[in-house]
A.B. asks: 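Below you will find the structure I want to go over with you.
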Amino acid sequence: MIITLPDGSTREYEVGTSPLQVAESISGRLAKEALVSRINGVAKDLNTPIRSDSSLEILTFNDEYGQHTYWHSTSHLMAHAIKELYPEAKFGVGPAIDNGFYYDFDINTKLSLEDLDKIEKKMVEITNRDEQFKRSELSKKEALALFNGDEYKNELISDFDEENEIISIYGEGNFTDLCTGPHLPSTGKIKYFKLLSVSGSYWRGDEKNKQLQRIYGVSFPKKKMLEDYLERLEEAKKRDHRKLGKELELFHITHEVGAGLPLWLPKGTILREALENFLREEQKKREYQPVVTPHIGNINLYKRSGHYPYYKDSQFPPIKFEGDDEEYLLKPMNCPHHFQIYSSKPRSYRDLPIRLAEFGTVYRYEQSGELNGVTRVRSFAVDDSHMFVRDDQLKDELCSVIDLIQYVFKTLGFEDFVTQLSFRDGDDEKYGGAKELWAKAQTEIKEAADLMKLNYKIEEGEAAFYGPKIDFMVKDALGRKWQLGTVQIDYVMPERFDLEYTGADGQKHRPVVIHRAPFGSLERFIGILIEHFGGDFPTWLAPIQVAIVPVSQNFFDYAEKIKQALKDADIRVEFDTRNEKIGYKIRHWETQKVPYMLIVGEKEVDSNSVSVRRHKVGDKGAMALDEFIAEIKNEISNKIINN
RNA sequence: GCUGACGUAGCUCAGUGGUAGAGCACAUCCUUGGUAAGGAUGAGGUCACGGGUUCAAGUCCCGUCGUCAGCUCCA
């Protein structure tokens, strides 16, 4: 038979030759590194006999799928070790994920971090036995019999469609697991691994089900790769916004105020206002109208919108005064207030689009386990706008909103965000409004996304209850995905709030509402921004832009003059008058990640100059003060990112 | 909300039943210096909070609050 390799070359082998044997015939090294193969594009074990002319890929750890298989097999190895240590163990699922693998299981012992060492040691023992992963296929009936007594596997097997799916199991030594495969040839292939964390997870992701235990881990064929990976994890922790937020004095969270209720410190507020002003300027150019609305509102507004009944559990309870029949709600979103502004006078088709914008603080009672630094909180400001548009304006307006969000992200250096179109999922009752309007909205959103060349993924079932949306997602330092910007089309609220305008025909018409927020939540956006820059903010955002460091107290007068000049030029400056040596002060301002230090001593006084030191770069030499001011002003006004 | 871990000085952390510690930061003094830590002295604690066991609790047990990882949720 003829085997075609990825480079297009062909080789002839006897029928029944396995991918591993092919690899051996090509090179010893390839055979050693081979993990799994693709025969005619289908992933197969290395020992699968090939029966006819085929194309063949031999995959190593350099291939994504090779890594995937490596991690998947490691998860089986871990399950095997758990089964040997805890014979009562029953197993859920154990897939490979982006960076490693996990396995869910049910055992009588509550595992702690120390137990992971024990499991790791058992895994080493099993890899030393170098047992082969052996595949076999069986009928549904046989499979049910084999996993008799394991309700999780039984449930998985029962879901199999025997007509179209093959049920397979993999065994290594005395451990057998239900699995579609493929796997590595043997446990000995798995060299270096680390179990990272243990936690709970609901069976099949449903909180009504029993909670299993889950162990996450990662593995590599070379020791250096594991070490590098663990080092990257450590590096990532240094970027953690909760750590940097404290070190750089940006925000403070204390249970004395309340969980998830961040306090913005002076330096964090400078950063926050810089972002707000940036967006305000952009919105002014794009003809948005700023508005301001209260932090609470009559509960009827939210009953009418449908938010109150739908999200009752994640809202702070209503506020009620004795002797007053009215109930008020801390506003969980800004839309109803903005709708009232729209309705405050009759609107003509000539007025549309109307774009009302507000940095509106909203309050949501997020589940305690969900709170996370400043990225998931109970009080946050949305850079909200509600845009009231005619049908014929919708697509243009969507495009202009996407353009704004792209501009914001680009200015802040977010290059690798992903976009998700969230559509409805069938007939679920939770969705409000007519189905035809949904279909129309989804089409419009997709057309706008295509026009604006967004690289998107469509997620069915992720829509808001009132309409489909586009979400802009960015990953944090630890690889967790967060939604930042969002654009949502809404035909439902205009109905519920009876919004209208008078058309050219003199008749009443309904506007369409677009909800949009480029940052999403200011709190979350800043959290991600901190991690994105690792605290080394571009100068226009840096809370302190310049630190003046005199060489000794003899030069304080000159330093004071420099400080005044910078303040006059509207630059955020600190003058370090502490009684310390210069090296000490430089270290301090470096750790504070201040973009520029100006060192002034005898030389500078004599030549009427400043010595410039750039954060993370070092001494840039002396220059005239005016020259420095011109350069930094340019850097600030152009929002230059030079990290 | 669930499972597990954790909570000691402003920060990072040591302290496994017997008189609360270190480094950094802070204050005072000496020192007046040239690109990442000069020296001395000092102040700083309801060991998260509440209860219990014990002659004795930072330490053991229970509860509450909070933090962290993951799950679930996310207008």
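Bear in mind that the values here come from a model prediction, so they are computed numbers and not experimental data. Note: hydrogens, waters and symmetry copies are ignored here, and every other heavy atom, side chains too, is used. By convention in this document, chain letters (A, B, ...) are assigned in the order of the sequence lines, proteins followed by strands, and residues within each chain are numbered from 1.
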A.B. asks: Ignoring hydrogens and geometry beyond distance, is the side chain of Gln211(A) in donor-acceptor contact with the base of C2(B) at under 3.5 Å?
C.D. replies: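 Answer yes: a donor N or O sits under 3.5 Å from an acceptor.
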A.B. asks: Let's see if you can work this out: which of G34(B), U32(B), A69(B) has an atom nearest to the side-chain heavy atoms of Asn579(A)?
C.D. replies: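 Minimum distance to the Asn579(A) side chain belongs to U32(B).
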A.B. asks: Could you check which of U3(B), A75(B), G34(B) has an atom nearest any side-chain atom of Ser611(A)?
C.D. replies: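 Of all the options, the side chain of Ser611(A) is nearest to G34(B).
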A.B. asks: I'd like to know if Tyr202(A) reaches the base of G70(B) with its side chain, counting only an N/O donor and acceptor under 3.5 Å.
C.D. replies: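 Under the 3.5 Å cut-off, the side chain and the base do not form any donor-acceptor pair.
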A.B. asks: Checking all strands, does Glu604(A) fall into the base, sugar-phosphate, or nothing category for heavy-atom contacts under 4.0 angstrom?
C.D. replies: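 If one applies the 4.0 Å heavy-atom cut-off, Glu604(A) turns out to touch a base.
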A.B. asks: Applying a 4.0 Å non-hydrogen cut-off, can you work out what Gly520(A) is touching in the nucleic acid: base, sugar-phosphate, or nothing?
C.D. replies: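 No contact.
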A.B. asks: Does Arg614(A) put a side-chain nitrogen or oxygen below 4.0 Å from OP1 or OP2 of U35(B)?
C.D. replies: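 So the side chain of Arg614(A) is outside the cut-off, no N or O lying under 4.0 Å from OP1 or OP2 of U35(B).
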A.B. asks: Looking only at atom C1', what distance separates C47(B) and C60(B), rounded to whole Å?
C.D. replies: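 These two C1' atoms come out 15 Å apart once rounded.
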A.B. asks: Which pairs pass side-chain hydrogen bond (donor to acceptor under 3.5 Å, both in side chains) with one or both residues in residues 575-584 of chain A, sequence neighbours excluded?
C.D. replies: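 Listed by first then second residue: Asp576(A)-Arg578(A), Asp576(A)-Trp589(A).
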A.B. asks: Classify the side chain of Gln553(A) versus the base of U32(B) as yes if they form a donor-acceptor pair under 3.5 Å and no if they do not.
C.D. replies: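 Present.
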A.B. asks: Quick one: label Lys246(A) by what it contacts on the DNA or RNA (base, sugar-phosphate, nothing), any heavy atom closer than 4.0 Å.
C.D. replies: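 If one applies the 4.0 Å heavy-atom cut-off, Lys246(A) turns out to touch the sugar-phosphate alone, with no base involved.
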A.B. asks: Checking contacts here: which listed nucleotide (A69(B), C74(B), U35(B)) is nearest the side-chain heavy atoms of Arg376(A)?
C.D. replies: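 Taking heavy atoms from C-beta onward, the closest nucleotide is C74(B).
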A.B. asks: Given A75(B), is OP1 or OP2 found less than 4.0 Å from the side-chain N or O atoms of Tyr308(A)?
C.D. replies: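 For Tyr308(A), the contact criterion (side-chain N or O under 4.0 Å from OP1 or OP2 of A75(B)) is not met.
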A.B. asks: Please check if atom NZ in Lys267(A) has more than 12 non-hydrogen atoms from other residues, nucleotides or ligands closer than 6.0 Å.
C.D. replies: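 Atom NZ in Lys267(A) is packed in, count exceeds 12.
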A.B. asks: Whether Tyr584(A) contacts A25(B) is assessed here as follows: a side-chain N or O lying under 4.0 Å from the phosphate OP1 or OP2. Is that the case?
C.D. replies: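 Checking Tyr584(A) against A25(B): at least one side-chain N or O falls below 4.0 Å of OP1 or OP2.
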A.B. asks: Between A75(B) atom P and Phe339(A) atom CZ, what is the distance in whole Å?
C.D. replies: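 Value for this atom pair: 15 Å.
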A.B. asks: With sequence neighbours left out, what residues match Glu151(A) under salt bridge (charged side-chain N to carboxylate O under 4.0 Å, His left out)?
C.D. replies: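 Lys90(A).
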A.B. asks: In whole Å, measure the gap between the P atoms of C29(B) and C61(B) for me.
C.D. replies: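 The answer is 49 Å between these two P atoms.
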A.B. asks: Can you find an N or O donor on one side and an acceptor on the other, under 3.5 Å apart, linking the side chain of Thr591(A) with the base of A36(B)?
C.D. replies: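 Donor-acceptor pair under 3.5 Å: no.
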A.B. asks: Is there a side-chain contact between Arg480(A) and the phosphate of G70(B), meaning an N or O under 4.0 Å from OP1 or OP2?
C.D. replies: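 Affirmative; the distance criterion is met.
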A.B. asks: How is Tyr216(A) classified with respect to the nucleic acid when contacts are heavy atoms under 4.0 Å: base, sugar-phosphate, or nothing?
C.D. replies: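 Sugar-phosphate, no base atom in range.
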